[in-house]
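Shown next, in structure tokens, is the structure this report addresses.
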Amino acid sequence: MQAPTREDMNNAAPARNTIPILAVTQVIAWGTLYYAFAILAGDIQRELGWRAELVFGAFSWCLLVGGLVSAPVGMLLDRFGGRFVMGAGSLACGLGFIVLSQARDVPTYYLAWTMLGMSMAATLYEAAFAAINHQYGLSARKAISTLTLFGGFASTVFWPLTLKLNTLIGWRETYLWYAALQLCVCLPLHLMLSGSAPRHAQAVRTPGARADFTLKEALRHPAFWTLAFAFSANSFIFSALSVHLIPILQHFGHPIATVVFMAALIGPMQVAGRIGEMTIGRGLMPQTVGKITFALLPAALLALLFFGTRQWAMALFCTLYGLSNGILTIVRGTVPQAMFGSRNYGAISGAMAGPSMLSKAAGPLAVAALIQHNPSPVLLFSVLFAFAVASLMCYLMAVRTTPHLAHDVPSPT
């Protein structure tokens, strides 16, 4: 047996620390970049005196920028690893929050959100999953599932924290404190990650995948685009409902207290779904877990579409919706590796995330326009159900056969 080299031992230590480091930075990144804005947007609009579409449109622009730069960021992750790319993302995020805290005109405000959009691509789940795949190779699935459990607490921590800080010091100082978190906590932690992918992780091939695809090869394969559309359609639905769910459920005639109580089920169900994937679903292929996950969403929407006035249907929807949303995060991190390999995971998953980020930006705006045209919840959920079914069909088409390269040859045994 060959003795481990000094390089292997140097890579082993960062690998053991990867999940604890990313657990902290993901909670902070999601909490400050994504969840805090919902609390602070109202005060931003009141102080600056701008129209709501101008204030909220900047956040959609931020998501759009994140989608546009996700593929090149993924390429950088494949080449340099998580240390410098995620570290640069934390630096850009901290500087973006500083600029945002000083914004008093539209160009400065949108410049800040442009910087934050670029940092999203380098600090949120897609970047973290790439770092994990480089460190863990074939064991990445369990590590990704573990990380998403911690990430699920971001809203639990940062919604009340942001509300408290905003009450005490205002939105500008709140973003300055969040800049300090990025620069003084996330940046040093990201610089503790491994600087590059270990050699054994680069050379490995995932089960069922005949070879590691390059980004160019993946883009030429139909399975890439059907899978990308499946994820994109789901992102459209989830982002739209994350903004509009509570008022929509009220249109079915439910009192606000009941709606809020039922909606509170979604968070615990997300965590329950991720625990279920780690336990019950650990023996299943990632593609099979994805089939169950994608099927849960149209089932949830169907319950509201036909029985939306019943409280049990609302509870069933929130349960299935939460389970689907929770497990889907893991599916996003594991299925691309299982289908296209590990070597160029960052570039491929980044390119696949681009359409999803665009849909995430468009979802709330498109649904708001639809509600303004016709506030009927039946029409809205019919449209969302059609998106969910199309998403499921595309996913099934994508995973129906294992992608392989034309030049593949059987590996020697």
Is a donor from one side chain sitting under 3.5 angstrom from an acceptor on the other, for Ser101 and Tyr178? no
Is there a donor in the side chain of Asn234 and an acceptor in the side chain of Ser391, or the other way round, less than 3.5 Å apart? yes
So among Met278, Glu277, Gln337, Met285, which one has a side-chain contact (heavy atoms from CB on, under 4.5 Å) with Arg141? Glu277
Determine, stepwise, if the pair Ser232 / Ser359 fulfils side-chain hydrogen bond (donor to acceptor under 3.5 Å, both in side chains). CA-CA 6 Å; Ser232 180; Ser359 293; 2.4 Å; yes
Using ring centroids (six-membered ring only for Trp), state whether Tyr35 and Phe158 fall under 6.0 Å. no
Ring-plane angle category for Tyr395 and Phe294, please: parallel below 30°, perpendicular beyond 60°, tilted otherwise. parallel
Give the ring-plane orientation class for Phe236 versus Phe387, where under 30° counts as parallel, over 60° as perpendicular and anything between as tilted. parallel
Can you find a heavy atom in the side chain of [X] that is under 4.5 Å from one in the side chain of [Y]?
X	Y	answer
Trp113	Leu64	no
His254	Met262	no
Phe238	Tyr321	yes
Met352	Phe340	yes
Thr162	Phe37	no
Leu320	Leu297	no
Leu116	Tyr175	no

After noting the C-alpha distance and the side-chain angles of Glu126 and Ser70, does the key distance pass the side-chain hydrogen bond (donor to acceptor under 3.5 Å, both in side chains) rule? CA-CA 8 Å; Glu126 282 75 18; Ser70 56; over 6 Å; no
Pair Arg400, Thr226 - check side-chain hydrogen bond (donor to acceptor under 3.5 Å, both in side chains), show working. CA-CA 11 Å; Arg400 181 176 53 187; Thr226 49; over 6 Å; no
Inter-residue atom distance Thr108.OG1 - Gln102.CD, 0.5 Å rounding: 10.0 Å
If you count every heavy atom of other residues, nucleotides or ligands that lies below 6.0 Å from [X] atom [atom1], does the total exceed 12?
X	atom1	result
Met118	CE	no
Leu168	CG	yes
Trp50	CH2	yes
Phe150	CZ	no

Given side chain to side chain contact (heavy atoms under 4.5 Å, CB included), test Leu215 with Asn344 step by step and report yes or no. CA-CA 7 Å; Leu215 176 59; Asn344 301 294; 5.6 Å; no
